[in-house]
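The structure presented is a predicted model; accordingly, all values stated were derived computationally and were not measured.
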Amino acid sequence: MTHIFKQNEMYFVLDVESGAVHMVDELAANAINAVEKFGKNARDMLAVAFDYSDEEIGEILAEIEELRARGELFTPEQPEVLAGESGEIKAMCLHVAHDCNLRCSYCFAETGEYHGGRALMSPEVGKAALDFLVAHSGKRKHLEVDFFGGEPLMNFGVVKELVAYGRKLEQEHNKLFRFTLTTNGVAVDDEFIEFANKELYNVVISIDGRKEVHDKLRVTPNGKGSFDLIFPKVKKLAFARQERGLDYYVRGTFTRNNLDFSKDVEFLANEGFEQISLEPVVLEPGDPLSIRVEDLTQVFKEYDRLVGMLYSRRKTGQWFNFFHFMLDLENGPCLAKRMTGCGAGSEYCAVSPQGDIYPCHQFVGKPEWKMGSVITGEYDRAMQKCFRECTVASKPACRECWAKYYCSGGCAANAQNLNGDIHKPYELACAMEKKRLECAIALYALERQDREEEAAAASGPAHS
Amino acid sequence: MKHIKTIQTACLKAQGYGCGECQASCQSACKTSCTVANQKCQKKA
């Protein structure tokens with residue numbers, strides 16, 4: 001299978017099953033399409049439909065056959081590979097606070113309650129969760145724990161206690177914990193910044209962009225916009241990490257309210273943030289904030305604008321990173337990971353304040369998705385198997401899709417929430433993901449071209 | 001080649017279960033969408 005597309009006035013061909021990417025001219029794009037569709041009749045088809053000369057057609061067909069022989073075009077489908085040998089768990093989303101100091105309109109967690117009332121995780125439950133993770137991690141050395149909520153800093157004392165406990169477990173079991181925390185910024189202070197810089201592998205900070213956009217949906221319990229409350233703190237935290245080369249993301253959500261979301265990315269970049277993520281909201285189709293099919297043209301234009309923005313800024317030394325255009329074609333994940341995706345329900349789980357286990361944070365509080373308990377040690381291996389076997393090879397829509405090894409089948413929770421089946425990906429999210437991938441490949445190609453030109457210029461003219 | 005420039009050679013090969021040491025994608029910065037190809041292989045990081 002190939003995917004042929006035009007982005008930034010360039011034609012690209014992705015050979016889906018090998019991961020090879022080619023930049024081609026229009027003749028090659030048409031010829032590759034013709035060979036894939038018409039096989040041996042491609043020559044006649046190209047002569048009739050495009051009026052190419054015999055010489056041109058012969059030339060391009062020879063190049064196509066060379067790529068095929070190299071295993072970089074029309075590669076056959078890969079065999080299905082599952083991640084992990086025997087159902088190990090390596091990552092955990094720890095819901096230390098089902099409570100929040102904001103009341104954001106689009107919150108999938110029902111402003112922190114997760115269908116079950118406000119609650120904070122006790123140190124005992126948290127420690128049992130870390131013990132559970134270690135006990136189920138098999139030979140994996142790197143373990144990940146994300147302190148999540150609600151707002152995890154409403155239970156900062158327990159976060160600190162659990163990190164200390166995790167460090168002890170590391171020694172005892174030869175493991176390495178990567179702790180991350182997702183915060184809305186309200187309770188960020190100097191003590192937290194110091195702690196984060198010492199202990200946290202990554203910090204994800206929620207901010208939607210421009211003040212007027214952020215304030216519309218991210219409000220305090222008394223209904224006031226939270227931008228002014230959080231912005232100085234967010235900057236202080238982010239810049240402290242930036243200076244030290246530590247990971248962080250400012251992460252926002254765009255909705256129907258701000259379909260011009262590239263301006264929010266631009267705003268954040270102008271304010272000096274270098275690690276930016278902005279995601280489409282996921283809500284029921286009837287919700288006034290939800291992105292709809294008719295919005296896609298505008299959304300795609302915004303992604304196009306972002307390609308131009310990233311390219312021109314990076315070229316002039318104003319570097320920043322947009323999470324959804326990150327694509328390391330060369331050093332990306334292995335096929336097993338690309339087939340199985342985020343690992344929800346298999347390698348990854350979420351734990352509620354009461355110690356109940358769910359496939360991921362988005363399933364928390366839904367009784368039918370409860371997988372067990374870190375207190376009793378129960379764990380539903382049958383449900384884990386179901387998630388583990390939910391790969392791009394087992395989902396009919398994904399198997400036929402060119403983007404399958406990049407999105408890895410999409411979000412299982414979105415599939416369940418919007419299509420009632422973890423095996424049926426949410427089409428609107430797929431459409432946006434595919435556009436982002438095309439943009440990411442084009443950006444990669446543009447920057448690679450520049451690097452090659454710079455290298456050629458640096459090596460100077462050839463001597464005769 | 002005159003009409004085709006390869007910017008990435010073939011890089012997907014079935015090689016067992018994978019070591020699993022890489023970051024879980026949802027722990028990075030998404031939480032509502034799934035983007036896996038932007039994750040680095042731990043062995044190559």
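Atom CD of A:Glu55 has 12 or fewer heavy atoms from other residues, nucleotides or ligands within 6.0 Å.
The contact between A:Tyr201 and chain B is made entirely by side chain atoms (from C-beta outward), counting heavy-atom distances below 4.5 Å. For a residue to count as touching a neighbouring chain, one of its non-hydrogen atoms must lie under 4.5 Å from one of that chain's; by this rule A:Leu27 touches chain B with the side chain only. Neither the backbone nor the side chain of A:Val203 comes within contact range of chain B; no heavy atoms are under 4.5 Å apart. Using a 4.5 Å cut-off between heavy atoms, A:Lys90 contacts chain B through its side chain alone, with no backbone atom that close. With a 4.5 angstrom heavy-atom cutoff, A:Phe325 does not touch chain B via any of its atoms. When heavy atoms are compared at a cutoff of 4.5 Å, A:Ala445 approaches chain B by way of both its backbone and its side chain.
The candidate from B:Gln8, B:Lys2, B:Lys13, B:Lys5 with the greatest count of non-hydrogen atom pairs under 4.5 Å with chain A is B:Gln8.
Side chain of A:Gln78 to backbone of B:Leu12: a donor-acceptor contact under 3.5 angstrom is found. Remark: side-chain polar atoms of B:Glu21 are paired, donor with acceptor, to backbone N or O of A:His142 under 3.5 angstrom.
Residues forming a ring pair (Phe, Tyr, Trp, His ring centres under 6.0 Å) with A:Tyr444 (at least two apart in sequence, or on another chain): none. Remark: A:Ala20 engages A:Asp15, A:Ser18, A:His22, A:Glu72 in a side-chain contact (heavy atoms from CB on, under 4.5 Å) (not counting sequence neighbours).
The minimum heavy-atom distance between B:Cys41 and A:Gly332, with the atom names listed, is CB-O, 3.5 Å. For the pair A:Gly71 and B:Ala10, the tightest heavy-atom approach, listed with the atom from each and the gap, is O-CB, 3.7 Å. Closest approach of A:Ala91 to B:Ala24, counting heavy atoms only: CB-CB, 3.7 Å.
With a 4.5 Å cut-off on side-chain heavy atoms, A:Leu67 and B:Met1 count as touching.
Residue A:Glu452 holds its CD atom at 9.0 Å from CD1 of B:Ile7, rounded to the nearest 0.5 Å. Rounded to the nearest 0.5 Å, atoms SG (B:Cys22) and CD (A:Glu144) are 8.0 Å apart. Taking CD1 from B:Ile4 and CD from A:Glu63, the interatomic distance works out to 5.0 Å, rounded to the nearest 0.5 Å.
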